[in-house]
Amino acid sequence: MADWEPKIVAFLCNWCSYGAADLAGVSRMQYPANIRVVRIPCTGRMSPKFALAAFRKGADAVWVSG
Amino acid sequence: MSEYAEKIRGIAKKLLDDGTVDMVIGFRKGTIPLINEPCFVKDGAKVDALIWDSSCGVNLANYLPKRKEKIGVVAKGCDSRNIVTHIVENQITREQLYIIGVPCTGMIDRRKIRLAVGKEILSVSEADGKVTVSGDGYEEVLDKQEMLQDNCAICAHRNPVISDEMVADPVPEQTEVDRYQDVKAVEAMDAEARWNHFEQLLDGCIRCYACRNACPLCYCPTCFVDESQPQWVGKSIDKTDTRTFHFLRAFHCAGRCTDCGACERACPVGIPVRQFTKKLEKDCKELYDWEAGMSLDVRPPLDTYRAEDPDEFIK
Amino acid sequence: MLTKSDIESISGEVGNFSVSLTRQPRYVDMDLCVGCGACAEKCPKKVPDGYNSDLSKRKAIYVEYAQAVPLKYAIDGDYCLKIQKDKCGNCAKVCPAGAIRYDDKPETVTLNVGSVVLAPGFKPFDPKGLDSYKYSEHKNVITSMEFERILSASGPTHGHVTRPSDGEEPTKIAWLQCVGSRDMNRCDNPYCSSVCCMYAIKEAVIAKEHQGDSLDCAVFFMDMRTHGKDFEAFYDKARNDAGVRFVRSRVHTVTEDPETKDLEMRYVTEDGKIEVEKFDMVVLSVGLEISSELVELANKLDVDLGPNRFAATDSFSPVVTSREGIYVCGAFAGPKDIPQAVVDSSAAASCAGQVLSSARNTCTKTKEKVPETPVKGEPPRLGVFVCKCGINIAGVVDVPAVVEYAKSLPFVEYASENLYSCSQDTQDGMAELIREKGLNRIVVAACTPKTHEPLFQETLINAGLNKYLFEMTNIRNHDSWVHKSTPDLATEKAKDLVRMAVQKAALITPLAEAELSVNPNGLVIGGGVAGMAAALSLAKQGYATHLIEKTAQLGGTALSLHKTWKGEDIQENVARMVKEVEDNENITVYMDTELESVDGFVGNFTSTLKGKDKETTLEYGVAIVATGALESKPTEYLYGQDPRVRTSLEMDKLFQDDDPALKEIKSAAFIQCVGSREPGRPYCSRVCCTHSVDSAIALKKRNPETDVYILYRDIRTYGERELIYKKAREAGVLFIRYGVDNKPIVSVTEGNLTVRVRDHVLGKVMEIPLDALTLATAIVPPDNSKIAQFYKVPINDTGYYVERHAKLGPSEFATDGVFLCGLAHYPKPIDESVAQAQAAASRAVTLLAREKIFTSGTIAVTSPADCSECGVCIALCPYSAPSFSTERPFPGKATINPVLCKGCGLCVASCRSGAIHLNGFDNNQILAMIDAL
């Protein structure tokens, strides 16, 4: 388990967190590459179904941010 | 109990005869003991079919969505709360309904009785908190309180919350019950134990959807389990699909479930499916001080935003 | 947009100004710079970062901050080695766009404009000169601006609170209020800076949230001024829930322990005890002031300044400067917070627009349209373009490998790499490829869609494709820039992101943008000062305006007011406004009239107006709610029982009438916060302190012998109003503070009116005989529920309307086409009411001027057959877009108004029945992305 890396799916609000991830890039903040972002128009768009679907597809963590 | 039935018949007859309603929904004797059936009476002369006893567990709110006529409906505490939910959710209007309120002392669980007796049951009668069960060459007297459905044993709203006429004075509410003992036990488990708990819980599920069909909250034209574009849930009894079904069904009941027990009563394999809905019910109570179906004037917590809503989870 | 530019002069007059500007050299060609940041990475020269209050360093080539607009680099000529010493030149070497111009020179630009808006802002007070706090010497004494940066996630410590001397987490922080404000001894700023109390509370709360409850935060203040909307509640929460300490004391000296660098403060508590307390950090809540450069600018422009160097304005024209055609907004016209600055800016735009209204739409150009290729029913033919962004992406991600991978994905017809996808020649090339290869869905893997999606959509339009047949994925900001040390993983991630985008793109469909005409008439509800100002503003910009007033008289609450704190006669000004309204041929006034019904939505409202003896049906495009508020009638302090006890407005009536009774008053008192800032009504009514202080001065003026007392909890004469507080004290008005749990007691014995109150300075109970007692009663909203329901706009717990955004949308509702101003929003004085009215009109004109509204394509649509009619979407939508259809073919089913829908998807996620779909982000599309994980 020592080198185990979780697969993280992030659902990010277009207006805040997605933009924040953009800024993290502009600021060249470094973080591990095991995160995949799905852009959604608002966290209001987030459905429990998406979280369950991501887990079914093998995600180890689902992150909703907005 | 028979006074209740008399009173129900009387009200039903009056309502039908004077045209207040087009139909009365109540119960009639089932074809086998312990399972009474819903009964739709449209003629004042036929009200004698209506009965009342502790086997009237079916939630009659189930038969209301999208009805166009005026309806008299027999309602226990939980039915009445589901009627409120239906009105709030625009499934029927208050004006269409004449609610015949029945103070309820709990419905008996046919499985518990069968288990206690262990023989074929041919007739059941009840009086003074006792249930008398008889069959071929035997008779047994059981304590009703011990034979109650699990949800009835912890019910905190036995009296209808809304009615046009009551068949009797309110019964005392059970105030000393711990409604969430089972949920707390699950909450206390570590992740692995909890996983195993739910694995076992759902082990026998045959995906018959009886829990869904019995639930008064499930009235969508197309259920998510039947959608194909996209397909949210596979149609197999693959464990993941089964879990997904139960989780999503529970989510759809969040903030709406009255713990009427219809789902569990309907389950042919005896899965305590209320464990899912009750967790969400407990959360709604703790987070939003919300109990479903208590008021016509308040929007449910999950479709309103209030500044004082808890937001600890964001920290 | 002209950056780095200074105004040299403005000549000419309103309608035809000539503005002469000097554009300072930027040394970077704005047209070529793509903002990639390669230059800053290689720049060797480190410079104090002014944006972070010099707490960190930036490079000599820089963008001010990550969100800067425009996101283009600039060279700091004072530090650049190439410019100063002709060395280095790294940035020109690495700039992939060739945008560096070391030979850039100052340039004179002349603009011809009709009106000018000044928004030059303020300067935070510099406490270096105050020897009592030793800001320059004590390392752990910092300014509130520095603390803001420390709290910021993008600041020098990434939001982690540490103290400058040793980088340790502080356990005790003190805020000292009124540094550079309300002070004539140590600086020249007698006014209150208005915003510092609130920001200090906010900083303390955030610091505690971040650091945990063990952090002790103490705010040392004189009067707590939380007079803004919802501010008092925040103060209550900070005090009661967050546990921020508030100490009413002005701290005079801060000494430093030379060893630990801790700070020791001596202060006098409310009950006169001297306390000595140690803190790890002291934050100076510095005030707002106008810099000498701005004073110089004002002189150059011939714009008058007031005694405190803020631009001089009039209460009834709050954004108009002394020079016609030049308007002002923000803190240059007086210290103010964000909502007020935003209100002013819209008001200034409105005034500037009035002057320019005849020129509206005379400079528009129409673009030629490329006919759209129909793609419906055709199988997806995807084009994937992977951008190298110079070396920004290609330096980390193996772009050719991603392209090859893309080619292997289903439906992908064509894939290639671009050096710079956003450059004009690449755009042209992409359009050509789309046509040539018959591509019908386009994926671009590049930077962020937040900035570049519109650009690529334009390319699609030019190639004849519907612009929604586009999907963008971010392999720069979210990949190459943040995973530099793991190029292999970054390449894998890029492939994954491309695969997700391709899967989604295969499912996207062309979307239509509906067009809707806007009725150019406006409706203003309420004929008070705000309503009249809004109507005048709309009318003067050329729009037919209907103004309805419930009573038989225009003027509203202002009819009962005597003078503004600046001394302007309110009745005179209101009468002038009424005449102006009546004379304006664009305004139709409906007296004794109320709104009966509202149908429709933005651009197309229909209402029935109910007048005394007639009903009118009105069609209009926008509505401005200016329904005002009322003075509450108290039930305490013998009001209604003794004629000598009056409300503030009743007292004003005496002044207005020059009532002889005024002469008889030998002793008068004012009680503040009557019905405000109490549990039942927790907000501050904002205007009452100024009002009472002003009335007290008026009494003293009439008869200096009169004893005048003001019984208060905190005096909230914010901004330059502080000057009349000072004036009142100089005139001998006595101020006695009381606590909410120790209210004054008013009694009558043998006909003598007396107030008993405990004096906080003397510490004993005073008994004051009175001839007049004025109660500064709370301002309360009327029952707004009817209009709120009509326009589906929200009301808060205290009965006031809720604006779209507390800071950025103060004069409009979340529901499109409905605007808000005046006391209906929150209690406020006349200047702020007028400004907000003009702001509401300005926001309304942004709709009216468009003539046509185009809806977005990415909106929610319902599938009626699946709808269970539960109404959750209707209850939930903040924009009132869903409703039950009343028409065939699907009566009773939910339908979504495409004009009002903002495409957030809240309804989609909450629809249990799966009956709502979000164009562009539909369930199957998002699920396709998840499937592609």
Side-chain angles (χ1 to χ4, degrees), chain A, chain C residues 35 37 40-41 63 65-68 71 153-154 158 392 447-451 472-474 476-493 496-497 500 504 858 876-878 902-911 914 918 920-921 923 926-927 929-933:
Chain A
M1 286 298 273
D3 51 357
W4 176 76
E5 287 287 340
K7 191 168 172 183
I8 303 167
V9 182
F11 293 88
L12 302 187
C13 163
N14 177 52
W15 304 104
C16 53
S17 300
Y18 191 91
D22 283 350
L23 288 183
V26 174
S27 315
R28 306 295 197 278
M29 293 175 178
Q30 299 298 304
Y31 55 85
N34 37 5
I35 184 165
R36 302 289 178 268
V37 172
V38 178
R39 181 169 70 120
I40 51 177
C42 168
T43 36
R45 175 71 187 91
M46 187 62 198
S47 161
K49 292 170 183 165
F50 295 153
L52 288 176
F55 284 127
R56 291 188 64 163
K57 283 289 157 187
D60 297 297
V62 171
W63 175 32
V64 182
S65 181
Chain C
E41 225 164 301
V63 282
Y65 49 95
Q67 302 95 323
L71 195 60
S154 60
H158 301 290
N392 277 287
C447 52
T448 171
K450 285 182 72 69
T451 55
M472 194 163 174
T473 192
N474 194 336
R476 190 185 73 177
N477 302 45
H478 294 190
D479 192 9
S480 65
W481 274 355
V482 291
H483 309 314
K484 283 187 186 180
S485 58
T486 51
D488 291 350
L489 292 176
T491 302
E492 282 314 300
K493 180 172 177 177
D496 284 359
L497 291 173
M500 289 161 75
K504 179 182 176 186
T858 45
L876 204 69
C877 176
K902 304 268 184 262
C904 71
L906 196 52
C907 57
V908 187
S910 60
C911 180
L918 186 61
F921 290 94
N923 289 333
I926 294 180
L927 220 56
M929 292 182 81
I930 298 171
D931 270 343
L933 280 171

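The structure presented is a predicted model; accordingly, all values stated were derived computationally and were not measured.
In this structure, chain C has no heavy atom under 4.5 Å from any part of A:R56. Proximity to chain C (any heavy atom under 4.5 Å) is shown, for A:N14, by both the backbone and the side chain. Within the 4.5 angstrom heavy-atom criterion, only side-chain atoms of C:L918, from C-beta onward, approach chain A. Both the backbone and the side chain of C:N923 come within less than 4.5 Å of a heavy atom in chain A. The parts of A:V37 that come within reach of chain C are both its backbone and its side chain, each placing non-hydrogen atoms under 4.5 angstrom from that chain. When heavy atoms are compared at a cutoff of 4.5 Å, A:Y18 approaches chain C by way of both its backbone and its side chain. Proximity to chain A (any heavy atom under 4.5 Å) is restricted, for C:N392, to the side chain, taken from C-beta onward.
Among the candidates C:N474, C:L876, C:T858, the residue making the largest number of heavy-atom pairs closer than 4.5 Å to chain A is C:N474. With chain A as partner, the option from C:A153, C:P449, C:S154 having the largest number of non-hydrogen pairs under 4.5 angstrom is C:P449. Contact count against chain C (heavy-atom pairs under 4.5 Å) is highest for A:P32 among A:A20, A:P32, A:G58.
Contact check for C:H158 versus A:M29: side-chain heavy atoms found under the 4.5 Å cut-off. Here the side chains of A:I40 and A:L12 are not in contact, with every heavy-atom distance at 4.5 Å or above.
Between the side chain of C:H483 and the backbone N or O of A:Y31, at least one donor-acceptor pair lies under 3.5 Å. Not one N or O on the side chain of A:E5 forms a donor-acceptor pair closer than 3.5 Å with the backbone of A:D3. Looking at C:T448, its side chain does come within 3.5 Å of a backbone N or O of C:K450 through a donor-acceptor pair. Judged purely by atom type and a 3.5 angstrom limit, A:W15 uses its side chain to pair as donor or acceptor with the backbone of A:P41. Side-chain atoms of A:D60 do not come within 3.5 Å of backbone N or O of A:P6 as any donor-acceptor pair. A distance-only check finds no donor-acceptor pair linking the side chain of A:S27 to the backbone of A:A24 [under 3.5 Å].
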Using the rule given for side-chain contact (heavy atoms from CB on, under 4.5 Å), can you reason through C:C447 versus C:M472, listing the C-alpha separation, both sets of side-chain angles and the distance that settles it, and then say yes or no? CA-CA 8 Å; C:C447 52; C:M472 194 163 174; 4.0 Å; yes
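Using a cutoff of 4.0 Å between basic side-chain nitrogens and carboxylate oxygens, C:K493 and C:D479 are not scored as salt-bridged. Salt-bridge annotation for C:E41 and C:K484: present, with a side-chain N of the basic residue lying under 4.0 Å from a carboxylate O of the acidic one.
Contact annotation for residues 45-53 of chain A against chain C (heavy-atom separation below 4.5 Å, listed by residue number): A:R45, A:M46, A:S47, A:F50, A:A53.
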